[in-house]
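Here's the structure we're looking at; comments come further down.
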Amino acid sequence: MQYKLEFAKSLIQVIGDILTQEEIMMLIEKPKHDTLGDLAFPCFGLAKYYRQSPNSIAEDIASKLTLHIAEKVEPVGGYVNTFLNKEAISTLTIHKILKEKEQYSSLPVTDKVMTIDLSSPNIAKPFSMGHLRSTVIGNSLALIAEKQGYQVVRINHLGDWGTQFGKLIVAYNKWGDEDDVRKSPIKELLALYVKFHKEAEKNPTLNDLGRAAFKELEEGDEQALQLWKWFREESLKEFMNIYQQLGIKFDSFNGEAFYNNRMAPVVQELHEKGLLLKSDGAHVVEVEELPPCLIRKSDGTTLYATRDLAAAIYRQEQYRFTKSLYVVGNEQTLHFKQIFAVLKKMGYEWQEGMAHIPFGMILKDGKKMSTRKGKVVLLEEVIKEAISLALKNIEEKNPNLENKEVVANQVGVGAIIFHDLKNYRLNDIEFSLEDMLRFEGETGPYVQYTHARAASLLKKGNYQYEKVQQLRIHDKEAWPIIKLLLSFPEVIDKAMNDYDPSQIAKFLLDISKSFNKYYATVKILEEDQLFSRLSLVCSVKVVLKEGLRLLGIQAPEQM
Ligand code: ARG
C-alpha cells in the first residue's frame, strides 16, 4: 500500500544510519492480525547493531517516530506496529478515486510497445476451448498492460497455412460442394478434412497428393490460392461472430500465411550464421538441451516453427516491441522454448522480451474437451446458452428490467470470462455453465450484481460527487474496503508482472464481499452521513467497474 512508503520515510529519520529506505521497505510487513495495526516493522535484524533486545529497540523507535498518517504507533514483541489514521486516509482515498474515476491506478502512457499473440484459431477448424482461453486471457493481459502504460498490439496469428491446406484442397476438389461450404463453412470443411484422413488410411497416396497440393500453394499456384483464400474468408466470418459476442478486437490478423514470403530470408540468415544443419534431407537448428528445431522439410516446405521465427523478426522490425507475449496452451511450451533459443543463437537480444504465457485445459466432467473425432463443442452454442440462462435468471429476479437482452448478453458473456479468469491460468478448469452463472459465490454475475447494487444505491440517494460536502468516514466497517481500494494499483502491478489476471478477479471478489458485508451492517441510505457513505459506495463502484473492464467484462448499471 502506498502508505508503506510514508512509514518507511519516517523510519529513515530514526534508523537511517543503519538501513536504507529500500531495505526498510522490504522489511515492512502486514501484521498477522488487524488488531495489531496496518503496517509492522520488525526490529529483530537491528539487535546486532544496537546490542539491545528487539523489544527495547521497538520501544525506542516507536517513541521517536513522527508519522502524521498514523493515529497510533505501538511497540509490540519486537515490532513497531502502526495504526493508520483511518479517517484521514479514507478521505484522501475516496477523493482520489472520485476525482480520477476510471483513471485511478492508471500509469501514464509510455512509448513502450507490447505485442501480444492471442486467440489464433485455425482456419477450417472449430474455434476450440483452448482458443477461447487464449482469447480471454490474452485480452485481459492486453488491457492490463495498457493500464500500465504500454502501447499494445493485439495480433491474431491465424493458423492459415500448412500441409493441412493441401489436404483440404484435395478433399474439396474430390468431394466438396460449394453451397454446403457457404452455408456452414467450418462444419463442412472439418467434415472434408475428417473424410480425407479416413480415406487416406485406405489409400495412402492421398497423403502424397495433399503434400503436393500444399507445395503448389506455397509456390503460388492460382487455383490453389483461390480456394485457400475462400476457405480463410468463410472461416474468419464465423470467428468474427465469436469475437463480436465476446467484445474483442484485434490490431492484426496476420496469420501464418502472411509470412510465406518472409521465410526464405530467415532460412538464408540461419544459413549465413552457420546455424542450419542438414539432417535426413531436412534442415534443422540445434538448440542446447532441447530437440533440434525443424526449419525446412526435405521436400522444401516450411513449418510452423519457421513461420514463428519469421513472425518474431517481423514483429520486432515492425513494432519495436519491448515485450512480446504468446498466449498459447501449455502443450506448445517446447515449441516456444525452441523459437526463443533459435532467436538467441541468431544474436537477437530483443528475444529477452519474449515470453510464452501458457495455460491449462478446460475439462468437462474431468476429461479434456476435444475437437477431434467429431466431438465438437461449438463455442457459439455455449455462448448462446450462457446468454439464455442469464436471461432466465433476470426474468426470475428482475422481470421489469429494461434492456433485458443487452444485460443478459453482458452477464452471460461476463460469466464465461470470469469463470476462466478467476483461476490461475495454468490450472485446468472444469466447464460448468450452471456454476458460472450463479449470482452468489465466486462468479462474474456476483461481481456484476454488486456493482449494480452500488449503482442503485447512488441513484436512490441522488448522489453527485460534484456537489461535494465534507467527507467523514466513521464506520469501522468501511476500513477493510478502503484498504482494498488502496491496494488496487499494487494488484494491477502484480497481475502484470505475473501475467496473471486471476489476481484481479480475486481482488474483485474480495472487494465485493467486503462491500456486501458493509451493505448488510450499515444503513447507507439514512440521512446521517449520507454523502460520506455514498461517496464510499461510489468509489467501490468505480473500482469494480474498472476491475471488470480489465478482465474484458462489462458492468451493467442494473440487473
Ligand atoms: N494456431 C495455433 C493453434 O491453434 C496457435 C498459434 C499460436 N501463435 C503462434 N505464434 N504460434 O494451436
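Proximity of a side-chain donor or acceptor of Asp60 to a complementary backbone N or O of Ser56 within less than 3.5 Å is not detected. Of the possible donor and acceptor atoms, one in the side chain of Glu430 sits under 3.5 Å from a partner among the backbone N and O of Gly366. Not a single donor-acceptor pair under 3.5 Å links the side chain of Ser532 to the backbone N or O of Gln529. Distance alone, capped at 3.5 Å, places no donor-acceptor pair between the Glu6 side chain and the Leu67 backbone. Asp428 places a side-chain N or O within 3.5 Å of a backbone atom of Met361 that can act as its donor or acceptor partner. Side chain of Gln448 to backbone of Gln410: a donor-acceptor contact under 3.5 angstrom is found. His451 places a side-chain N or O within donor-acceptor distance of the main-chain N or O of Pro556, the cut-off being under 3.5 Å.
A side-chain contact (heavy atoms from CB on, under 4.5 Å) with Phe7 is found for one member of Ile24, Leu84, Ile12, Leu65 and no other, namely Leu65. Tested against Thr135 for a side-chain hydrogen bond (donor to acceptor under 3.5 Å, both in side chains), the candidates Ser119, Ser140, Ser120 yield a single pass: Ser119.
Rounding to the nearest 0.5 Å places NZ of Lys541 at 3.5 Å from CD of Glu557. Note that CG of Leu457 is 7.0 Å distant from CG of Leu534, once rounded to the nearest 0.5 Å. One distance of note links CD1 of Ile429 with OH of Tyr424; it measures 13.5 Å at 0.5 Å rounding. To the nearest 0.5 Å, atoms OG (Ser324) and CD (Gln351) are separated by 10.5 Å. To the nearest 0.5 Å, atoms CD (Gln103) and CD (Glu546) are separated by 7.5 Å. Within the model, atoms CG of Asp510 and NZ of Lys483 stand 12.5 Å from one another, a figure rounded to the nearest 0.5 Å.
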- Message: Could you go through His95 and Tyr465, starting from their C-alpha distance and side-chain angles, then the distance that decides it, and tell me whether this counts as side chain to side chain contact (heavy atoms under 4.5 Å, CB included)?
- Response: CA-CA 9 Å; His95 275 310; Tyr465 174 65; 2.9 Å; yes

- Item | Worked check of side chain to side chain contact (heavy atoms under 4.5 Å, CB included) between Lys4 and Met25 | CA-CA 7 Å; Lys4 195 168 149 183; Met25 285 292 278; 4.1 Å; yes

- Item | Chi angles and distances behind the side-chain hydrogen bond (donor to acceptor under 3.5 Å, both in side chains) call for Glu23, Thr20 | CA-CA 5 Å; Glu23 289 167 327; Thr20 65; 3.3 Å; yes

- Task: Go through Ile553 and Val447 one step at a time and tell me if the side chain to side chain contact (heavy atoms under 4.5 Å, CB included) criterion holds.
- Result: CA-CA 10 Å; Ile553 300 176; Val447 178; over 6 Å; no

- Determine, stepwise, if the pair Ile15 / Phe41 fulfils side chain to side chain contact (heavy atoms under 4.5 Å, CB included). CA-CA 12 Å; Ile15 52 169; Phe41 178 74; 3.7 Å; yes

- Would Arg154 and Glu146 satisfy salt bridge (charged side-chain N to carboxylate O under 4.0 Å, His left out), going step by step from the backbone distance to the final call? CA-CA 11 Å; Arg154 294 161 171 80; Glu146 277 166 349; 2.9 Å; yes

- Message: Could you walk me through whether Lys96 and Glu100 satisfy the salt bridge (charged side-chain N to carboxylate O under 4.0 Å, His left out) test, starting with their C-alpha distance in whole Å, then the side-chain angles of each, then the deciding distance to 0.1 Å, before giving a yes or no?
- Response: CA-CA 6 Å; Lys96 187 170 167 63; Glu100 296 180 2; 2.9 Å; yes

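When every heavy atom of Leu98 is checked against every heavy atom of Ser535, the shortest pair comes out as CD1-O, 3.7 Å. Of all heavy-atom pairs spanning Asn139 and Gly552, the tightest one is ND2-CA, 4.0 Å. The shortest non-hydrogen separation linking Gly412 to Leu437 is CA-CD2, 4.2 Å. Taking every heavy atom of both residues into account, Lys404 and Ile394 meet most closely at CG-CG2, 3.9 Å. The two atoms that bring Leu401 and Met559 nearest to each other are CD2-CA, 3.9 Å, heavy atoms only. Contact record, Leu484 with Ser514: CD1-OG, 3.8 Å, taken as the closest heavy-atom pair.
Between Tyr314 and Asn254 the shortest side-chain heavy-atom distance falls below 4.5 Å. Between Pro121 and Asn156 the shortest side-chain heavy-atom distance falls below 4.5 Å. Side-chain contact between Met129 and Leu379 is present, with at least one heavy-atom pair separated by less than 4.5 Å. Put simply, the side chain of Val411 does not reach to within 4.5 Å of the side chain of Asn393, judged on heavy atoms. Between Phe250 and Leu118, the closest side-chain pair of non-hydrogen atoms falls below 4.5 Å. Within the 4.5 Å cutoff, the side chain of Met436 has heavy atoms near those of the Phe431 side chain. Side-chain contact between Tyr79 and Pro54: absent, with no pair of heavy atoms (C-beta onward) separated by less than 4.5 Å. The closest side-chain heavy-atom distance from Ile89 to Asp38 is not below 4.5 Å.
Between Tyr326 and Phe340, the ring-plane angle classifies as tilted under the 30° and 60° cut-offs. Taking the six-membered ring where the residue is Trp, Tyr243 and Phe253 present tilted rings, their angle falling between 30° and 60°.
Heavy atoms of other residues, nucleotides or ligands lying less than 6.0 angstrom from NZ of Lys397 number more than 12. Within 6.0 Å of atom CD in Glu466, more than 12 heavy atoms from other residues, nucleotides or ligands are found, so the atom counts as buried in its surroundings. Atom OH of Tyr49 sits in a sparse spot, with 12 or fewer heavy atoms from other residues, nucleotides or ligands closer than 6.0 Å. A 6.0 Å sphere centred on CZ of Phe321 holds more than 12 heavy atoms belonging to other residues, nucleotides or ligands.
Looking at Ser502 and Lys422, their side chains never bring a donor and an acceptor atom within 3.5 Å of each other. Of the N and O atoms on the side chains of Asp34 and Trp479, not one donor lies less than 3.5 Å from an acceptor on the other residue. Using modelled atom types and a 3.5 Å distance limit, the side chains of Tyr499 and Lys323 yield a donor-acceptor pair. For the residue pair His131/Ser134, the side-chain donor-acceptor check at 3.5 Å is not satisfied. Between the side chains of Tyr446 and Asn516, at least one donor N or O sits under 3.5 Å from an acceptor N or O.
Using a 4.0 Å cut-off between charged nitrogen and carboxylate oxygen, Arg533 and Glu477 do not count as a salt-bridge pair. Between Glu102 and Lys147, none of the side-chain N atoms (NZ, or NE/NH1/NH2) sits under 4.0 Å from a carboxylate O, so this pair counts as no salt bridge.
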